[in-house]
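Excluded from the calculations below are hydrogen atoms, water molecules and symmetry mates; all remaining heavy atoms, backbone and side chain alike, are included. Bear in mind the structure is a predicted one, so any value in this text is a computation, not a measurement.
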Amino acid sequence: MIVLTNNLVLSAVTEELSAGSEEISASIDEFAGLSKDTAQISREVAGSTDQQEDAVEKISELTLQLSSLSKQLEQSVEKFKL
């Protein structure tokens, strides 16, 4: 009877440990998935940041060109003033 009781207790403990191990494994899998998602989002943000940087550089170049054209226009207008 004692052996049977011990076996039942051991079996119950083993089942609990197995269930706990499965929960830990599922949590690790979920964490791995979240890590992959985070890495992908980080790559997308980096790509967007690069695009924004390129756009800002282009705007800066166009601003300089516009400033130059504005100065040329002012000089042309000065020639026609009486």
Side-chain angles (χ1 to χ4, degrees):
M1 186 63 100
I2 293 176
V3 172
L4 181 59
T5 302
N6 286 342
N7 283 341
L8 290 175
V9 169
L10 183 58
S11 178
V13 168
T14 301
E15 286 181 26
E16 287 181 30
L17 288 174
S18 178
S21 294
E22 288 176 13
E23 287 179 24
I24 290 170
S25 179
S27 294
I28 289 171
D29 288 343
E30 183 178 354
F31 182 73
L34 291 172
S35 295
K36 287 179 183 178
D37 291 346
T38 301
Q40 178 60 34
I41 291 169
S42 295
R43 285 190 293 275
E44 290 172 7
V45 167
S48 294
T49 301
D50 290 342
Q51 289 176 346
Q52 288 178 349
E53 184 179 338
D54 292 344
V56 168
E57 287 178 15
K58 185 66 175 176
I59 290 169
S60 179
E61 291 171 11
L62 292 172
T63 301
L64 292 174
Q65 289 177 9
L66 182 60
S67 177
S68 176
L69 288 172
S70 174
K71 288 177 184 176
Q72 290 174 8
L73 180 60
E74 285 178 355
Q75 291 170 355
S76 294
V77 168
E78 286 296 321
K79 290 178 185 177
F80 294 101
K81 282 190 176 180
L82 297 174

Result block: side-chain N/O donor-acceptor pairs under 3.5 angstrom for residues 51-62, not counting sequence neighbours:
none

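- The other residues sharing a hydrophobic cluster with L73 are V77, where clustering joins ILVMFWY side chains under 4.5 Å apart.
- Under the side-chain contact (heavy atoms from CB on, under 4.5 Å) criterion, Q72 pairs with S68, L69, not counting sequence neighbours.
- The other members of the hydrophobic cluster of I41, by chain and number, are V45 (side-chain heavy atoms under 4.5 Å, ILVMFWY only).
- For S42 (side chain) and T38 (main-chain N/O), a donor-acceptor pair under 3.5 Å exists by modelled atom type.
- Considering only residues two or more places apart in sequence or on other chains, E44 meets the side-chain hydrogen bond (donor to acceptor under 3.5 Å, both in side chains) condition with Q40.
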Do any side-chain atoms of residues 9-30 form donor-acceptor pairs under 3.5 angstrom with protein atoms, and if so which ones, sequence neighbours left out?
residue, atom, partner, partner atom, Å
T14, OG1, L10, O, 2.7
S21, OG, L17, O, 3.0
S27, OG, E23, O, 3.0

